[in-house]
Each structure stands twice: as structure tokens, then as C-alpha cells.
Protein chains: 2
Amino acid sequence: MKLSTPLPRRPTIHDVARESGVSVATVSYALNRPERISEGQRLRVLETVAALGYQPNRLAQGLRRGQSRLVGISVPHLTNAYFAELVNCIESVAGRDGYEVLQVLHHHRPTVERLRVAALLDHRVSGLLMVPSEHPTATLDLAAAAMVPTVVLDRPLPDARFDQVTFDNRAAMTELARHLLGLGHRHIAFAVSHPGLVTTRQRIEALGRLAADGARVTLLRQDATEAAYRARLAAALAGKAGATAVIASNTQVGLWTLRGLQAMGVDVPADVSLLVFDHPDWADIVRPRLSVVDTPAAAMAEAAWTMLCARMAGETGPARTVELRASVRFAESSGAVRGS
Amino acid sequence: MKLSTPLPRRPTIHDVARESGVSVATVSYALNRPERISEGQRLRVLETVAALGYQPNRLAQGLRRGQSRLVGISVPHLTNAYFAELVNCIESVAGRDGYEVLQVLHHHRPTVERLRVAALLDHRVSGLLMVPSEHPTATLDLAAAAMVPTVVLDRPLPDARFDQVTFDNRAAMTELARHLLGLGHRHIAFAVSHPGLVTTRQRIEALGRLAADGARVTLLRQDATEAAYRARLAAALAGKAGATAVIASNTQVGLWTLRGLQAMGVDVPADVSLLVFDHPDWADIVRPRLSVVDTPAAAMAEAAWTMLCARMAGETGPARTVELRASVRFAESSGAVRGS
DNA sequence: CTGAAAGCGCTTACAG
DNA sequence: CTGAAAGCGCTTACAG
């Protein structure tokens with residue numbers, strides 16, 4: 001087909017209408033309500049659309065329809081493979097369903113989280129997925145006030161306003177603890193980066209029940225620098241009563257711990273056992289191979305998306321919580337305590 | 001301040017105007033052109049804004065202003081730490097400058113890339129950052145036709161339409177090659193996942209110059225399955241004339257290679273040296289420690305953002321290419337060839 | 001089946 | 001300094 005003149009700007013629905021010799025309403029119907037229009041008109045319009053390379057302006061559509069087809073996702077950062085995988089999975093399913101992903105990072109800082117999620121809301125996201133920071137209340141209030149369908153990921157919150165998807169941290173930790181008890185360990189260090197996090201507290205709680213079995217637990221806080229952390233780690237392991245096993249709360253703490261143990265010349269697992277939450281891709285290429293808690297990132301993303309879609313489609317009713325199971329995989333890094 | 005009535009929906013500029021007893025123009029000026037308005041009016045409007053929790057609708061602003069303050073970023077996926085770090089850095093600088101990041105993943109598939117980037121364009125992104133697939137032409141044409149400022153990341157393209165940010169792959173590979181030659185290696189295998197990629201071809205080219213020094217190069221293609229790749233790897237290393245060194249083109253190929261070598265009982269570096277492009281965080285906790293090419297992801301993201309901002313601010317002129325340097329870090333995994 | 005017109009929530013020349 | 005009004009690019013009751 002011949003065009004009257006090439007446009008120096010992106011074509012609008014008016015351009016299509018003019019070229020096709022119909023009204024803008026007819027163009028809109030041809031694209032969105034094929035049944036409301038005659039076959040001939042529809043074909044002619046579609047031809048013009050193709051010829052001009054017309055693509056509806058989503059900003060205008062969003063404004064008019066009152067929904068942007070954008071979903072927001074807020075996570076701490078992407079240098080953690082676990083969060084990266086969550087976002088990765090969400091992008092795939094979102095794209096499949098015709099949504100785009102607006103992504104913000106809060107770096108564990110509540111203030112950043114609030115500001116960035118507010119920006120998401122300003123863009124009128126149709127839905128919101130968030131792995132909350134340690135103090136997400138202000139952010140959550142924002143989401144609630146905006147009445148945007150929201151699903152909280154990974155970290156269960158005592159907040160009945162939101163759907164949540166998590167995995168059973170207590171069960172995973174209990175499995176690790178039983179394993180270590182059975183291997184004769186009576187003093188376990190738990191290395192954490194965010195002590196105040198719900199999931200951390202759940203893990204500590206599960207670990208705490210060990211006390212009843214005569215075991216001791218030391219909480220090892222990850223410091224700002226690797227050197228400072230290493231000193232703490234050394235202290236926790238020192239002496240006759242030192243910890244004989246370390247459980248790391250995530251990949252990065254696990255990495256620092258392993259590097260520290262190597263630097264100190266500690267033999268894993270002969271001297272100290274090491275177990276790690278998350279599933280670093282290097283778990284089975286280090287020696288000894290690492291015992292890990294394989295978090296169900298893909299399944300969680302899938303579940304969260306399903307719930308979010310239901311809400312975006314208008315589903316009402318009380319908030320639901322989905323709790324998946326992580327699978328623990330024991331390898332060589334966790335062994336019997338020396339002399340047991 | 002007292003409100004006439006709580007709204008069952010998000011407040012608009014009209015609500016603020018009504019509550020403040022001024023026109024919508026005045027509200028808009030109070031927010032965007034403080035100098036065009038009297039102090040008293042401005043204060044009153046701001047008070048109402050705070051009381052109502054009014055936040056301008058970015059969809060409407062974008063439509064009216066003709067720019068969304070959204071930037072699109074298209075990368076292969078996030079399970080590669082290098083791409084994840086690029087996105088991570090971009091999100092930080094974008095957020096700082098008041099932009100939000102719309103992210104799509106193309107999984108190395110040109111068709112997916114085209115579709116997803118088209119979606120980005122439909123949302124009228126103000127700028128576009130892309131790590132292209134192997135065959136990005138259709139996608140690039142789309143970006144060019146949309147006249148959206150675009151910066152190509154990581155993979156330099158013979159396309160004068162776009163600004164580009166990359167690092168010197170030839171130099172990095174040359175450094176690896178010289179190192180290996182110096183250690184006596186005369187047969188080097190290069191393991192790649194995407195042979196057709198520009199960066200891969202540049203690396204191959206640099207490696208090819210070794211031939212002049214009497215060295216041989218074998219291209220090792222990463223298969224769909226790890227088992228198939230392992231068989232290929234074994235074949236490349238077999239026999240008297242087998243390769244004595246493997247250079248892996250990225251972290252994942254490096255991981256498969258290392259796992260393969262371990263499974264075959266090959267001693268690194270006594271039997272075979274291993275060097276890896278990218279900087280896996282596990283490089284120094286495996287034994288032997290890995291020799292790596294540390295790609296300047298953060299610096300690249302920074303440079304790309306600067307260029308994109310300049311273009312979004314209206315800068316014209318021919319496309320520029322920024323080429324950074326990667327730093328090679330040799331460790332224990334690359335050693336002298338046996339018997340040399 | 002088709003089109004003129006209103007309106008989504010903003011911004012901005014323009015007039016007063 | 002302030003406000004009425006047009007218009008960004010769409011969708012959708014409504015009338016014909």
C-alpha cells in the first residue's frame with residue numbers, strides 16, 4: 001500500500017485512521033474488538049497498521065484504561081543469585097502474559113525501599129512483587145494505600161493485608177540441625193547478615209530448639225568487612241568449647257565463611273562442618289562439596305505470579321500465604337564431629 | 001488540614017486543586033515551576049499535596065510530556081552474574097537520576113529479543129540499553145525506527161547508528177595467550193557457548209595469532225547438555241597432541257569445564273590449565289584458584305549510562321564507542337605445561 | 001456497523 | 001501571578 005508521506009515521528013492512531021479512511025474509533029475496534037467491526041474494515045485497518053508500523057502507545061492506553069500492564073518488582077539487589085533467579089523467573093512469566101517488569105533494588109535499606117516502591121506506584125504498576133527489607137512497614141502502607149495488588153516474596157510478614165509466598169525456613173533449619181546433632185555436634189554457629197529478618201528469626205527459633213538436646217548455638221553476625229567477620233568467625237571456633245559447625249544464612253556469608261576457614265587452615269569437615277542456605281552454583285565444585293539448602297526460587301516465582309494475576313484480575317477475599325518446601329542436600333562439607 | 005472527604009481512589013491533580021481552592025494549572029506550577037507562582041499559593045498547594053498523599057500520575061505526565069522517564073534494558077538473562085551486575089549497576093544510577101528500569105530478557109533468542117524490545121518501545125521508554133543477541137539486526141532496526149536513544153552494551157556491533165560500550169576482548173585474550181605460550185602450551189582449547197557472537201569472534205581472532213608462534217587452537221562448542229559437553233572436552237584433551245589448556249568463554253562454561261575436569265580426574269594445572277572469562281565469585285575458593293579475566297561490569301554500566309543520559313538530553317552527533325580494559329588475574333589454575 | 005465526542009490526568013502556551 | 005482551555009494518544013459509551 002502507498003503512504004501519503006513518511007512520518008518524522010511514531011505513527012498514532014490518527015495516522016492509521018487517516019490512511020485507512022476511517023475514524024479512530026474504528027481503528028481501535030479493529031485492534032481491540034474485532035467482533036464489533038466488519039471484516040473489510042478490519043482488514044484494511046490492519047493493512048495500514050502493518051504498513052505504518054503502528055504500535056499503540058501504552059502510556060495513553062494505560063491512562064485511559066486505568067491500568068498500565070506494568071508490574072513492579074522490588075528486591076534487595078541482583079548480586080545474590082537467589083534474588084536474580086526470582087527476577088529472572090518473574091520476567092519470563094510476566095512477558096508471556098503481556099506484562100512488563102519495572103524493577104527496583106533497595107539494597108536492604110528501608111528508606112531506599114520506600115522511595116523506589118513509591119516511584120513504582122507513580123508509574124501506576126498493575127501489580128507489585130516484593131522481597132521486603134528488614135523494616136518494610138512504610139513501604140507496605142504505601143502499597144496498601146495505593147490499592148495495588150501486592151505479593152510479598154520470600155519473607156513472610158505478620159501482615160494480613162498481603163498475599164505471601166515463602167518457603168518453610170523452620171523445617172529446613174530443623175533438618176540441618178537434626179543432621180548436625182546426629183553427627184555429634186553440640187555447638188553450632190549460625191552466621192547471618194540480617195538478624196532482624198523474619199526468615200532469620202524463624203531459622204534461629206528452629207535452631208534454638210536444639211538447646212533442649214544439650215546443644216549450644218552461637219549467633220555470628222556478618223560484619224561490614226570480610227576481615228572483621230573472619231576475626232569473629234575465628235573467635236567462635238576457638239578453644240575446646242568452640243563451635244564445630246557453621247551454618248551460613250546465604251551464599252555470600254557462606255563464601256566469606258569458606259574463604260575464612262581456608263585462610264585459617266581449618267579442615268572442612270574434619271575440624272568444622274559447613275552448611276549453606278541458598279544453592280550457590282559452585283556448591284559441588286569446591287572441595288569438600290557443600291551441604292546446601294536448595295531454595296525453591298522458580299516455584300516461588302511461579303506461585304507468586306499466579307496469585308498476583310488472580311488479584312490483578314479482580315479476585316478479592318482474604319490474603320493467602322503459600323509456603324513451599326526447600327530441599328536440603330547433604331554433601332561432604334558436613335561430617336561427624338572430631339572424636340565422636 | 002481538614003479534608004472534605006477521604007477518597008476511595010488515588011487523588012488526582014483536580015482533587016488537589018479543589019482542596020486548595022486553586023486551578024489545576026496552579027497545582028502543576030507549584031510542583032514543576034515554583035518560580036512561576038506566589039509563595040503563599042505554593043505553600044498551600046504543597047500542604048494539600050502532603051495531606052492527600054498526592055503523587056503525579058507518571059502515565060499522564062509521560063503522555064503529555066512525550067517522555068516516560070522509563071529506560072529499557074534488554075539482556076540475555078540474569079543467571080549469569082555478569083549480566084546481573086550490569087543490570088544492578090544500571091538500576092542504581094538510573095534511580096539516582098529519576099528514571100525507572102523496564103527490564104526484559106531475551107535468552108539469546110533473536111525473536112524473543114525483537115518481541116520484548118518492541119514491548120519496551122510500546123511503553124515509550126526514553127532510552128534503551130541492550131546486550132544484544134547473536135542476531136540483533138531486526139531489533140536494532142526497531143530501535144532506530146523508534147528514534148529512541150540507544151546504547152549497545154558488551155558486544156560491539158558494526159553498526160554506526162548506535163553508541164556502544166564494550167571492553168577490549170582482543171587485548172584480554174592476547175594477554176591470556178601470551179601467558180600460556182610462555183608456560184609452554186602449544187595446544188589450547190577455547191570453550192564457547194555462542195561462536196557467532198562478535199566478542200567471541202574477536203577472542204578467536206586474537207587467539208588465532210598464536211598460530212604464528214606454532215601453537216594450535218581448538219574451538220570447543222558448549223553443547224545443550226553438560227554430559228555432551230564433557231564428552232567433547234575429553235576428546236579435545238585426549239592423546240599426546242591433546243590440548244593442555246582450556247580457556248572458558250564465560251562463567252557457566254568455566255563451571256562445566258571445571259566440573260568435567262574434576263570428574264575425569266584431570267589435575268589442574270598439572271595436566272591441564274584452566275582460565276575463565278568473567279569473574280565468578282567462587283574463583284578464589286576453588287582449588288586451585290582460578291585465573292580469570294575480570295570484566296569491568298560496573299565501569300561499563302557507568303559509561304553506558306553517561307552516554308545514554310547525554311543522548312536523552314538531546315545530544316546529537318555521530319555514534320561513539322567506549323572500549324574499557326578488563327584486568328586479567330592469573331592464579332594457580334594456569335601453570336607450566338607438563339615436562340616443559 | 002460506524003463515527004463524533006467525552007474523558008483518562010497531566011502540562012503549557014495564552015489571555016487576563 | 002492566575003486560570004480557562006487545548007491537547008498528548010488512546011478507549012468507549014452513545015447516537016445514528
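These numbers come from the heavy atoms of this one structure, side chains and all, not from hydrogens, waters or symmetry mates. Below, chains carry the letters A, B, ... as their sequence lines are ordered, and counting in each starts from 1.
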Any donor-acceptor pair under 3.5 Å linking the side chain of B:His107 with the backbone of B:Arg109?
-> no

Complement of D:dA13, any strand, by Watson-Crick or G-U distances under 3.5 angstrom = none

Would you tell me whether A:Ser133 and A:Glu113 have side-chain atoms, one donor and one acceptor, within less than 3.5 Å of each other?
-> yes

Whole angstrom is fine here: how far is it from CD1 in B:Ile13 over to C1' in C:dG7?
-> 16 Å

Calculate the interatomic distance between B:Asn32 atom CG and C:dG9 atom C1'; express it in whole Å.
-> 13 Å

Nearest-nucleotide pick for B:Ala60, side chain only, options being C:dG9, D:dC10, C:dT11 = C:dG9

Using atom CG of A:Asn57 as one end and atom P of C:dC8 as the other, report the distance to the nearest whole Å.
-> 18 Å

Under 4.0 angstrom, heavy atoms only, what part of the nucleic acid is A:Arg36 near: base, sugar-phosphate, or nothing?
-> base

Select one nucleotide: of D:dC10, D:dA5, C:dT2, the one nearest the side-chain heavy atoms of A:His14.
-> D:dC10

Indicate yes or no for a side-chain donor-acceptor contact from A:Ser68 to the backbone of A:Leu70 under 3.5 Å, with no hydrogens or angles considered.
-> yes

Tell me: CZ of B:Arg64 to C1' of C:dC8, nearest whole Å?
-> 14 Å

d(CZ, B:Arg44; C1', D:dG3) in whole Å = 14 Å

Within this structure, what is the CZ-to-P distance between B:Arg65 and C:dC8, rounded to whole angstrom?
-> 20 Å

Which part of the nucleic acid does B:Leu63 contact within heavy-atom distance under 4.0 Å: base, sugar-phosphate only, or nothing?
-> base

Report yes if at least one side-chain N or O of A:Gln61 is closer than 4.0 Å to OP1 or OP2 of D:dT11; otherwise report no.
-> yes

Which nucleotide sits closest to the side chain of A:Thr12: D:dT12, D:dG9, C:dT11?
-> D:dG9

Atom pair distance, as rounded to whole Å: CG in A:Leu59 and P in D:dC10 | 10 Å

What is the distance from CZ of A:Arg69 to C1' of D:dC10, rounded to the nearest Å?
-> 16 Å

Within the 6.0 Å centroid threshold, strictly below: B:His108 and B:His77 = yes

Select base, sugar-phosphate, or nothing to describe what B:Ser38 touches, counting heavy atoms under 4.0 Å on all strands.
-> sugar-phosphate

